[in-house]
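These notes are about the structure you will find just below.
Bear in mind the structure is a predicted one, so any value in this text is a computation, not a measurement.
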Amino acid sequence: MEFASSHVLNYDDSDDEFISEGEYKFGIGGSAKYAATTGRTVAPGGRSFVQSEGNYDNIGLVGQQSAPSEEAIYDNRTFDGPEAIYDNKIPSKNKPKVPEGLYAELGAHDSHHYSELSANAPPLPPENIKKTKEESKPMKYRRADTNVVAVKFESLVKSVDFSPGEAIFCENCSAAFSHISKIIDGQFWKCEFCEAENISEKFAIQDKLEKDDVTYILKEGSGTEADSAILFCLDISGSMCVTTEVNGNDQLMRSNDANVALMESRKQFDEPRYVSYPGATVQPKTYISRLQAMQSAIDTQLTRMEREQPDKRVGIVAFNNRVIVVGDGSNPPVILHEEQLLENDVVVEVGRSIPLPAPISQVKRCLADKVFSLNEVGQTALGPALLVSIAMASQRPGSKVIVCTDGMANIGLGSLLYTDTEYEYEAASVFYQEAGKYACANGVSVSVLTMEGEDCRVIELGSVADATGGQVNIVQPNNLSEEFGSILQDPILACKVSAKLILHKGMYFRNEDTEGSVVSRNIGNVTSDSEATFEFGVRKKPVMQVLYDNLGGTMVGSDQAAEEPIYDTVMATSAIEGLERLPFQLQIRYTTRTGSECLRIITMDRPVTKDRQFAEQNLNVAVLGTHAAQSTAKLAVDGLYGEARLNAIVTQKLVERHVQQKEDDDEGIYQTFVSNLAPIDSELNRVADANNQEMNASPSEEEEATSPKDKKAKKKSKKGKIWRKKVTDRSASIFYKTKNVTGKDFYV
């Protein structure tokens, strides 16, 4: 476990901040601090501009260069005050004097990082769009804090010292007895997390625990690493005939006779690809289809695995209006069609019954021949092909399925073509969610590659990859081989991984499905880059306050006095008040590559502070940045764009405060944070504008503690489903990539 600060922040009252419409509209790129670190200029309200010698247009972008001018140039969509923006080429003798108080408003550090404003400039012309009162009103949002913990899985199976015996758990909260636990009279343990009393004779055995990190073997494995399988799930629908231009000097990939004949016939109708003139060097052009590019990429990977991983098992599943289970190519293919494509149980049964592919060293030539015999025709039965591939791979935990497609599923299970009604789309969406759960439960990782420029509904396909620790990428056909290689070279360290984090009863988890102090997550397969983050808050407890009358006595009514004090629960305080240290425990269950089932328990305690500034000064930006990226992306995937942007903005403000407190004012830390969050922030802004989605804030600290969680979740779910259906493949790809951001991306 790695924490976002050296201390847990304890607070009594809610600590909210307001986000202005300008800050929300221009996101993290509109921050004055970001402008100062990147050479951008900032306008009142938070908008930043790239420093340029040209004029700004009226939407905040840099226009073409113009001659020096003393006339004011306005930005009607940004400025609310009477000041004007001047062209940067104004002669210095006529340069207007900037009012003293303006530097603070702009957040500029020196004369290079602010717009030149004039107090004597003429007033702004009226804006074309009239803002309503609600649109201009700042939104209240909970101030980001440092109560975040990250779990990195890269060392999950490295140098593990297995502990003898078995773990002992609290009967109330399931926390394990650890090195910080205290035993009374040899058999009495008061849980340090929930304070429940546990009695057992086994405590005497565990009394000698000294390590904060212990691992128990729950079930012995085979002792040797099983050969995992790779299943390529390949689209061979009619749209895979679309061609792409490649360098004519490149060696043309191998192709089957039908494709060669087709390409030759097309050449007769092709227009000239170049213009020849005396002395010109002719650069011939070649056009290949998406299918040919995919076949070549697969063949390259088969050759590499035959050389480097001869025991790797590789199989092929192709799909158009049928599902063709090629396997390793040594047996006749198994074909699913018509009504079989609509039967979930039938598809799974077929996949489980097909033998695993033989090692690639034995079937490489045969398998390559099968790959190059594929032809593009028909529709896209992607859903059944995906499910049968997962079922085949599930015979060996730790296996991978790589889906390569250029179109939307339009036939069979998971069809997304005819989903005009909310029910139809929800049914298709649920299919992919369940496929992800099935793959995760069986230790299968699914990655998805789609062709650039096509609508494949990546938001739904990506949910399978997201649930299983896979990758989601939109690629050019010419780059398929590199993308395949990247996925294959990222080995799975452990599968069927689940993580349970236990907090002190005075704390709770934010943005989780539970209101308790214990949360569990199914992580699925983990690689060296896998990382999960958790955010926690401090509970409040009521304090009974005595009500006195003006005469020093207690009041029951207007005409009656009482001997006993009268209490009113109007006060509230932190539920961890008075505690100097707080315990944390992480329990990870996983299956190794040798088949052993293990339980790893990490227990730590952290000091507590009520000084927010101190906690922020000791901030670990890598942990906080990872959480900001992952949580923002999760909200975006759920369709909650407004909350996603606000989440990124308030976290950016926290990083700003941290950097400002550092003596060296390390700008590199801040810029690294912004560079990782900027792509999704920009995309969210674009999507929100395109869909006219208004700014909306999440509940503040006080509202979050009092509102029923099930009602809030239901409201968010309904709202998110509406926007989720409109998500483009481009947006979905950015969202899923951001969900996979790790602490390594934040190191300067």
Side-chain angles (χ1 to χ4, degrees), residues 231-242 290-291 294 298 315-326 333-344 346-348 350-351 374-393 400-419 424-425 427-436 438-439 444-468 470-475 477 480 483 487 725 727 729 732-733 736:
L231 271 297
F232 289 99
C233 185
L234 307 178
D235 187 348
I236 57 170
S237 62
S239 58
M240 290 294 286
C241 70
V242 175
R290 292 171 176 172
L291 177 62
M294 183 174 68
I298 297 292
I316 301 293
V317 174
F319 60 91
N320 43 32
N321 55 302
R322 305 180 301 169
V323 174
I324 307 167
V325 184
V326 177
V334 176
I335 300 176
L336 297 172
H337 54 84
E338 297 179 352
E339 67 276 0
Q340 292 177 312
L341 303 178
L342 297 170
E343 298 293 335
N344 192 94
V346 171
V347 173
V348 171
V350 169
L374 299 173
N375 290 307
E376 64 271 56
V377 66
Q379 295 175 279
T380 310
L382 192 157
L386 169 65
L387 189 57
V388 77
S389 299
I390 294 173
M392 287 179 63
K400 293 184 178 183
V401 172
I402 304 177
V403 180
C404 183
T405 182
D406 74 337
M408 181 192 305
N410 55 25
I411 185 174
L413 294 166
S415 173
L416 292 160
L417 181 60
Y418 302 108
T419 53
E424 291 172 330
Y425 189 86
S429 180
V430 167
F431 168 79
Y432 293 103
Q433 293 172 22
E434 292 300 318
Y438 175 58
V444 177
S445 174
V446 179
S447 293
V448 177
L449 298 179
T450 66
M451 302 295 180
E452 187 171 335
E454 299 296 336
D455 179 14
C456 303
R457 298 306 301 149
V458 170
I459 191 67
E460 305 303 343
L461 289 178
S463 66
V464 186
D466 185 48
T468 60
Q471 300 181 28
V472 180
N473 287 312
I474 299 177
V475 301
L480 275 174
E483 294 295 338
I487 295 171
K725 190 175 180 180
V727 177
D729 283 3
S733 176
Y736 284 122

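Side chain of Thr468 to main chain of Val464: a donor-acceptor pair is present (N/O by atom type, distance under 3.5 Å, no hydrogens or angles).
Met408 CE to Glu460 CD: the interatomic distance, rounded to the nearest 0.5 Å, is 10.0 Å. Note that CD1 of Ile474 and SG of Cys456 are 7.5 Å apart. Values are rounded to the nearest 0.5 Å. Rounded to the nearest 0.5 angstrom, Ile402 CD1 and Phe232 CZ are separated by 4.5 Å. To the nearest 0.5 angstrom, Thr405 atom OG1 is 5.0 Å from Leu382 atom CG. Atom CD of Glu483 and atom CG of Asn473 lie 4.5 Å apart (nearest 0.5 Å). Atom SG of Cys233 and atom CG of Leu449 lie 11.5 Å apart (nearest 0.5 Å).
Of all heavy-atom pairs spanning Ile411 and Pro384, the tightest one is O-CD, 4.1 Å. Closest heavy-atom contact between Tyr736 and Ile459: OH-O, 2.6 Å. In terms of heavy-atom proximity, Ser237 sits nearest to Gly378 at CB-O, 3.4 Å. Of all heavy-atom pairs between Val458 and Ser733, the closest is CG1-N, 4.3 Å. Of all the heavy atoms in Ile390 and Val444, the pair that sits closest is O-CG2, 4.1 Å. Minimum heavy-atom separation, Ala409 to Tyr432: CB-OH, 3.3 Å.
Residue pairs that meet the salt bridge (charged side-chain N to carboxylate O under 4.0 Å, His left out) test with at least one member in residues 446-458, sequence neighbours left out, are Arg290-Glu454.
Side-chain contact between Leu461 and Val472 is absent, with no heavy-atom pair separated by less than 4.5 Å. By the 4.5 Å heavy-atom criterion applied to side chains, Leu386 and Phe319 are not counted as neighbours. Looking only at side-chain heavy atoms (C-beta outward), Ile324 and Ile236 come within less than 4.5 Å of each other. By the 4.5 Å heavy-atom criterion applied to side chains, Tyr438 and Asn344 are not counted as neighbours.
For Asp466, the salt bridge (Lys or Arg N to Asp or Glu O under 4.0 Å) partners two or more places apart in sequence, or in a different chain, are Lys739.
Of the options Met294, Met451, Glu376, a side-chain contact (heavy atoms from CB on, under 4.5 Å) to Asp406 is made by Met451 and by none of the others.
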Considering only distance and modelled atom types, tabulate donor-acceptor pairs under 3.5 Å from the side chains of residues 333-342, sequence neighbours left out.
| from | atom 1 | to | atom 2 | distance (Å) |
| --- | --- | --- | --- | --- |
| Gln340 | OE1 | His337 | N | 3.2 |

